[in-house]
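One structure is given here, and the rest of the page talks about it.
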Amino acid sequence: MFTKQAIRYAGDKESGVTRFDAPALYWYDTEFKQEKQLTNFGIGLAYDGVWSPSSNQITFVSNDSGDDEVWVVNHDGTGIQRLTETNEAFNAQHIGKDDFIPEINKHPSWSPDGKQIVFWSTRTGHAQIFLMNLDGSNLYSLS
């Protein structure tokens, strides 16, 4: 699994189509010597992918929802799921204030048994380490 620039196009017939490249996750099948794109977001980036130690799943970061969130996907590109969700209502109350720190969820990694994901987040207004189950449930701070 690796990250590389994926070719994307935006626009329409009237305004014209523009090419832009953005990071996406890829998987390389060594048996068939083929590369497969795992993430194909409209405008979002996908990066910071990490293989599960116990399954064919990959956790990664994407900003396709507008914020940096932790996601999971199967190695064949199926089963893509966003696991974290930024608290937009909280952010909206603090934008423009001196105490505003945007919520960022990044740098996911797996527990040794592959049942939990640890990641870094500013969801409390401070950078902290969080742990959650593979489906995004049971979220709590380790720091």
Side-chain angles (χ1 to χ4, degrees), residues 1-30 34-143:
M1 191 275 317
F2 58 97
T3 301
K4 81 171 199 176
Q5 296 293 89
I7 299 171
R8 299 189 191 165
Y9 295 93
D12 54 40
K13 291 179 183 178
E14 296 170 9
S15 63
V17 176
T18 304
R19 175 185 165 166
F20 68 98
D21 297 347
L25 293 183
Y26 286 79
W27 176 69
Y28 186 76
D29 184 335
T30 56
Q34 293 182 336
E35 190 176 278
K36 179 174 178 157
Q37 186 174 343
L38 299 178
T39 59
N40 192 8
F41 291 118
I43 60 169
L45 312 177
Y47 58 96
D48 211 7
V50 183
W51 277 99
S52 167
S54 64
S55 69
N56 284 326
Q57 291 185 302
I58 299 162
T59 186
F60 64 98
V61 176
S62 177
N63 66 351
D64 190 59
S65 66
D67 296 300
D68 289 331
E69 305 289 358
V70 177
W71 295 65
V72 69
V73 65
N74 296 325
H75 83 284
D76 61 1
T78 63
I80 194 163
Q81 178 184 3
R82 185 173 69 177
L83 301 178
T84 61
E85 188 170 340
T86 297
N87 185 340
E88 296 294 338
F90 175 81
N91 283 350
Q93 293 172 359
H94 293 276
I95 290 176
K97 295 180 180 177
D98 291 340
D99 67 343
F100 178 65
I101 298 174
E103 184 177 328
I104 299 170
N105 302 291
K106 289 192 177 227
H107 311 298
S109 189
W110 294 89
S111 63
D113 64 4
K115 293 181 180 179
Q116 295 178 310
I117 296 172
V118 65
F119 64 101
W120 177 91
S121 178
T122 58
R123 64 183 51 229
T124 62
H126 301 79
Q128 292 183 311
I129 304 296
F130 284 83
L131 186 69
M132 65 182 161
N133 292 338
L134 179 55
D135 63 359
S137 67
N138 199 26
L139 175 72
Y140 63 93
S141 173
L142 294 176
S143 51

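Computed from a predicted model, the values in this text were never measured in an experiment. Atom set for the values below is all heavy atoms of this structure, side chains included, hydrogens, waters and symmetry mates excluded.
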Beyond-backbone contact of [X] with [Y], side-chain heavy atoms, under 4.5 angstrom:
X	Y	value
Val61	Trp120	no
Ile117	Leu134	yes
Ile58	Trp51	yes

Nearest 0.5 angstrom please: Asp135 CG to Lys115 NZ, how far?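 Interatomic distance, Asp135 CG to Lys115 NZ, rounded to 0.5 Å: 12.5 Å.
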To the closest 0.5 Å, what do you measure between CG (Leu45) and CG (Asp21)?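 Going from CG on Leu45 over to CG on Asp21, the span is 11.5 Å.
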[X]: partners by side-chain contact (heavy atoms from CB on, under 4.5 Å), with sequence neighbours left out:
X	value
Thr30	Tyr28
Val118	Ser109, Ile129, Leu131, Leu142
Gln37	Ala6, Ala24, Tyr26, Asn40
Ser55	Ser52, Gln57

Run the side-chain hydrogen bond (donor to acceptor under 3.5 Å, both in side chains) test against [X] and tell me which residues pass, sequence neighbours left out.
X	value
Gln128	Thr124
Asp76	Thr78
Ser143	none
Thr39	none

Nearest heavy-atom neighbours spanning [X] and [Y]:
X	Y	answer
Ala46	Phe41	CB-CE1, 4.1 Å
Ser121	Asn105	OG-OD1, 2.7 Å
Thr3	Tyr47	OG1-CA, 3.9 Å
Ser111	Pro53	O-CG, 3.4 Å

Can you check whether [Y]'s main-chain N or O pairs, donor with acceptor, with [X]'s side chain at less than 3.5 Å?
X	Y	answer
Asp29	Gln34	no
Ser62	Gly44	no
Thr122	Ala127	no
Thr59	Trp71	yes

Please name all residues satisfying salt bridge (Lys or Arg N to Asp or Glu O under 4.0 Å) with Lys4, sequence neighbours left out, ordered by chain then number.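 Partners of Lys4 by the salt bridge (Lys or Arg N to Asp or Glu O under 4.0 Å) criterion, ordered by chain and then number, come out as Glu35.
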Anything under 30° is parallel, anything over 60° is perpendicular, the rest tilted; go ahead and classify His75 against Trp27.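 Geometry flag for Trp27 against His75: perpendicular rings.
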What salt bridge (charged side-chain N to carboxylate O under 4.0 Å, His left out) pairs are there with at least one residue in residues 104-113, not counting sequence neighbours?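 Listed by first then second residue: Asp68-Lys106.
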